[in-house]
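Working notes, structure below.
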2 protein chains.
Amino acid sequence: MRELHHPKTNQLQLSAVLYALSDPTRLSVVRRLAKEGERACGTFDLPATKATLSHHFKVLRESGITHTRVEGIYRYISLRAEDLEARFPGLLQAVLKASKTR
Amino acid sequence: MRELHHPKTNQLQLSAVLYALSDPTRLSVVRRLAKEGERACGTFDLPATKATLSHHFKVLRESGITHTRVEGIYRYISLRAEDLEARFPGLLQAVLKASKTR
DNA sequence: GAATTATTTCGATGATCATCTAACAATTGA
DNA sequence: TCAATTGTTAGATGATCATCGAAATAATTC
C-alpha cells in the first residue's frame, strides 16, 4: 500500500482549508463527517462519479481537513476536528454552523 | 456612475465567501480592512497591478465581504463585518484569528 | 489464481481563474 | 477644455480546476 500523505497540524494552510471548504461537494462531505463520523469513501451519496469523489477526498486530505484510514478493501475518512480546532480555533464550527443556514 | 452591486445579507453564499477568502491577496485586503477600517482602493500596498487588485475587490464585493463606497475620484472599501456576523456567526473572527498564525 | 469489490490514477475536456497590458471612464482642478 | 488622478474594463494568456470514462491497483473471496 502507498503511504497516504497527511499534513501535520502545525503545517495546515488557512488558504488551502478555506479553498477546500469552498466547494459545495466537499462541504457536503465535511458536513456528513461532522454529523455521522467516520465513513468509507463509497458511502457518500453524492451526484458525482467515483473518480470525481476520489479527487475531492484527496483535496480534503491534503488540506488537512480529513484523515484517511486504509482498512482492507475500504478507506475510511474522518474529520480532523481536533487538529483543525487546535490550528484554527472556531473555524470548523463556524463553517458547519454557517452551512446549515442555506 | 454605475451602480455597484452588493448582495443582501441574507443572500450571502457561504461557498462564495470561503472561496473569496481562500486567496492570499484577498485575505490580505480583508485583514487590513479589519485592522485599519475603510480604505481607498489605491492605498493597499500589494504586489499586483491595479487591474488585478480591481478584480480582487470585485470578488470581495460580490461575495458580500466588502462594501464599496464611491466618493469623487476614490472608491472606499470597508468590511461588512456586521452583515457577515449576522449571516455566518463567528466565521470572520475565526478566519481573522487564523490568518494571524502563519 | 481468477473473479469481485473499492478506490485511485491516467488522460482528456471545458470552465474558471489570477494575472497582465492597454484602453477607457469618471472626477477634479487648473 | 485640458491634464492629472483613480479606478474599471477589455482582451489575452497560462494555470488550475471539476468532471468524466477507462484503465490500473489493491485487498478479499472463491
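Values in this document were obtained by computation on a predicted structure and should not be read as measured data. Below, chains carry the letters A, B, ... as their sequence lines are ordered, and counting in each starts from 1. Only this structure's heavy atoms are used, side chains among them; waters, hydrogens and symmetry mates stay out.
Near DNA chain C, meaning a heavy atom under 4.0 Å away, the residues from residues 25-36 of chain B are Arg26(B).
Between Phe57(A) atom CZ and dT9(C) atom C1' there is a gap of 16 Å when expressed in whole angstrom units.
Taking only side-chain nitrogens and oxygens, Thr52(B) never comes nearer than 4.0 Å to OP1 or OP2 of dA18(C).
The structure places CG of Leu53(B) at 7.5 Å from OG1 of Thr25(B), a figure rounded to the nearest 0.5 Å.
His67(B) and Arg80(B) share no side-chain donor-acceptor pair at under 3.5 Å. Side-chain contact annotation: Thr101(B) with Arg87(A), donor-acceptor N/O pair under 3.5 Å present.
Checking Gly72(A) against His56(A), the closest nucleotide of DNA chain D that is more toward the 5' end is the one next to His56(A). Of the two residues near DNA chain C, Thr43(A) and Asp23(B), the one whose nearest nucleotide lies more 5' is Thr43(A).
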Polar pairs (N or O, both sides) under 3.5 Å between protein and nucleotides 10-16 of chain D?
none

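The side chain of Ser54(B) sits closest to dT8(D) out of dA23(D), dT6(D), dT8(D). Taking every side-chain heavy atom of Ile73(A) into account, dA26(D) is the closest of dA26(D), dT19(D), dT8(C).
Of the possible polar contacts, one joining the Arg61(A) side chain to the His5(A) backbone as a donor-acceptor pair under 3.5 Å is found.
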